[in-house]
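What follows is a short report on a single structure.
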Amino acid sequence: MDTKKVFDYIDSMRGEMCAVLGELISYPSFKQEPEEGAPYGRAARDCLDSALKICERFGFATDTVGDRAGIASFTEGEPLLGILAHLDVVSAGDGWTFEPYKATVRDGKLYGRGAMDDKGPVVSVIFAMKALKDLGVPLKRGFELILGTDEECGSSDIKYFRKHRKMPKWLFTPDAEYPLINIEKGRIESRFSAPCKSEKLMSLHGGKTVNAVPASASAVVGGISEDEINSAIKAAGCTAVFTLSAEGGAIKIDSRGVSAHASTPETGDNALTALIKLLQALPLDMPAKQLLSGLAKEFPYKETDGASAGVAARDEVSGALTLVLSVLDYDGKSFGGAIDIRFPVCETAASVCKKLDAALKRAGFEAHSGGSEPHCVPSDSPFVKTLLEAYSSVTGKKGECIAIGGGTYVHGIPGGVAFGCEVSGEDNRIHGADEFIRVDALAENAKIFAEAIVRVCNGGEPV
Ligand SMILES: [Zn+2]
């Protein structure tokens, strides 16, 4: 491939790339009520049709799969390489300076919902394809672009796709970060409960979502003096901040910590486990005191590796298991709570669930745990090496694999890795207000993809 020619051509199409991205951003393609032929709502379907029409205009054959996903094929026949990206978004939310569903270019940045996640990367793939096609770059093996429309709400699009179509042998999704994610930890979600009648603990609420470290938690206790609570707060020595207020004849205790994603709990300060540490030290009645002490013992405040619960695990490639006690409610009759675990490739979901359920049983709770296995593509696989070489050759940066606790669009798809497009040190405000992509990055990503497509498809067998 005449690299300079391809890259110059991509640079010459920057304006067109921004226009196409603006067209895709104009669809508010977050999940909405299903309609005939539009299982995720009209806007997601219209956005898919618009993207496929653009691909057709550029000379690519397209197809749809159950109204849920689309395909734009570079060549006929079974493709070796697939690029999987998505056109659905999360809804705009508040706080935007710019209009969320209208692209605005300001100071080299293009703003709009989906600019980075994942419509911008889609546009870069389409223009990489266009450049290779228009310049007649020959490919020995084929590739296709697969466009989904339900990534943000559980990826049912890809479950459907895999039931009805074959995924290419090698697959990457430009829906995460550079250089390349080859390991995604396994995930366990556990729900636990225990009946409990208490005279002294009136209520407890901490955390709403299982996949986040809770930033706040509160409890109402009666028959315990403010002095007793204050000395217990001193003894607990938590960095989470407690405040007391009168509520009827009882005392409300608020706990404030720092929220974090459950895959990186060490960056947060769990307000709930801090509150549990405090409550179990108070002179509560049984069995509330016993149940809270059990939780404090198995899932202590400030511990994020599951050591006390006996689930700790670590390996060289994926790092340590993380555990977050993220939800706990008490309504006067029973406790109900949730735990999030991300575990390394050396463990299995069944074995972690078994150990976790045993820990919850020791604490006096009945538990139901389940989850997904880790996702791993070896870092020395020729496919991974080829993608990293493409990345380095375009950016001049070192290409290396990274392991994460979260899951990407390719989780569970054999041979799939995440490749781009966020770069460390830049916050593109994905899912937030004023999401953006740099116009330079739109072009650079297209160059990286063109390079990757050619290297993978022309690398000979086996790649
Ligand atoms: Zn995404």
Side-chain angles (χ1 to χ4, degrees), residues 1-27 47-64 69-77 79-87 103 105 110 112 114-116 118-148 168 170-175 386-387 390-391 393-395 419-421 437-458:
M1 157 170 116
D2 183 340
T3 307
K4 188 175 179 320
K5 210 168 149 192
V6 173
F7 287 7
D8 286 349
Y9 187 56
I10 287 171
D11 279 327
S12 76
M13 295 188 289
R14 282 168 179 240
E16 208 181 332
M17 290 173 82
C18 290
V20 168
L21 180 52
E23 157 83 13
L24 297 182
I25 284 173
S26 73
Y27 298 94
C47 189
L48 176 62
D49 288 343
S50 165
L52 293 177
K53 228 173 248 155
I54 290 159
C55 291
E56 280 165 27
R57 207 170 74 217
F58 292 168
F60 303 107
T62 67
D63 200 0
T64 53
I71 299 173
S73 308
F74 192 82
T75 39
E76 286 172 23
L80 174 71
L81 173 67
I83 300 179
L84 171 65
H86 67 91
L87 290 167
V105 179
L110 188 151
M116 188 70 192
D118 195 26
K119 291 174 175 177
V122 167
V123 169
S124 295
V125 177
I126 292 173
F127 280 80
M129 292 168 73
K130 179 172 164 54
L132 296 176
K133 188 177 178 74
D134 288 357
L135 298 175
V137 178
L139 292 188
K140 288 188 190 138
R141 304 289 299 271
F143 90 94
E144 65 186 16
L145 168 62
I146 302 168
L147 294 170
W170 298 123
L171 187 77
F172 76 77
T173 184
D175 188 32
T386 304
L387 291 182
Y391 170 77
S393 79
V394 175
T395 63
F419 183 53
C421 291
I437 189 164
R438 282 179 297 106
V439 177
D440 280 347
L442 268 184
E444 182 168 75
N445 291 332
K447 292 173 194 174
I448 294 170
F449 299 152
E451 191 73 46
I453 290 163
V454 171
R455 283 179 188 239
V456 172
C457 293
N458 288 352

Query - Euclidean distance, Leu52 CG relative to Ile126 CD1, rounded to 0.5 Å - result: 8.0 Å
Query raised in the report: Which pair of non-hydrogen atoms, one from Lys130 and one from Phe60, has the smallest distance, and what is that distance?
Result: N-CZ, 3.8 Å
Requested in this report: Measure the shortest side-chain to side-chain distance between Val394 and Glu444 over non-hydrogen atoms and say whether it is less than 4.5 angstrom.
Outcome: yes
Requested in this report: Search all heavy atoms of Gly120 against all heavy atoms of Ile437 and return the closest pair with its distance.
Outcome: CA-CD1, 4.4 Å
Query raised in the report: Distance-only, no hydrogens or angles: does the Asn445 side chain make a donor-acceptor pair with backbone N or O of Val123 under 3.5 Å?
Result: no
Query - With Glu144 via side-chain hydrogen bond (donor to acceptor under 3.5 Å, both in side chains) - residues at least two apart - result: none
Query raised in the report: Is the backbone N or O of Ala85 less than 3.5 Å from a side-chain atom of Asp118, with the two atoms forming a donor-acceptor pair by type?
Result: no
Query - Residue pair Leu110 / Ala115: nearest heavy atoms and the distance that separates them - result: O-CB, 3.6 Å
Query raised in the report: Between CD1 of Ile146 and CD1 of Ile83, what distance do you get to the nearest 0.5 Å?
Result: 9.5 Å
**Report entry** Close side-chain approach of Leu442 and Arg14, heavy atoms under 4.5 Å
**Finding:** no
Report summary line: Output for pair (Phe74 CZ, Ile453 CD1), nearest 0.5 Å, gives 7.5 Å
Report task. Show the numbers, then the answer: is there a side-chain contact (heavy atoms from CB on, under 4.5 Å) between Val456 and Arg141? Result -> CA-CA 8 Å; Val456 172; Arg141 304 289 299 271; over 6 Å; no
Report task. Looking only at non-hydrogen atoms, find the nearest pair between Thr395 and Tyr391 and report the distance. Result -> OG1-O, 2.7 Å
Query raised in the report: What closest approach, in Å, do Thr75 and Gly142 show between heavy atoms, and which atom pair accounts for it?
Result: OG1-CA, 2.8 Å
Query raised in the report: Centroid-to-centroid, Phe127 to Phe449, below 6.0 Å?
Result: no
Requested in this report: Tell me, with the steps shown, if Phe58 and Lys133 meet side-chain contact (heavy atoms from CB on, under 4.5 Å).
Outcome: CA-CA 9 Å; Phe58 292 168; Lys133 188 177 178 74; over 6 Å; no
Query raised in the report: What distance separates Met17 CE from Ile10 CD1, expressed to the nearest 0.5 Å?
Result: 7.0 Å
Report summary line: Output for pair (Lys5 NZ, Thr3 OG1), nearest 0.5 Å, gives 11.5 Å
Query raised in the report: Are any of the side-chain heavy atoms of Asp175 and Pro121 separated by less than 4.5 Å?
Result: no
**Report entry** Side-chain heavy-atom pair Pro168, Leu80 within 4.5 angstrom cut-off
**Finding:** no
Query raised in the report: Rounded to the nearest 0.5 Å, what separation is found between the CG atom of Leu48 and the CG atom of Leu87?
Result: 6.0 Å
Report summary line: Shortest non-hydrogen pair, Lys140 vs Cys457, comes out as CB-O, 3.6 Å
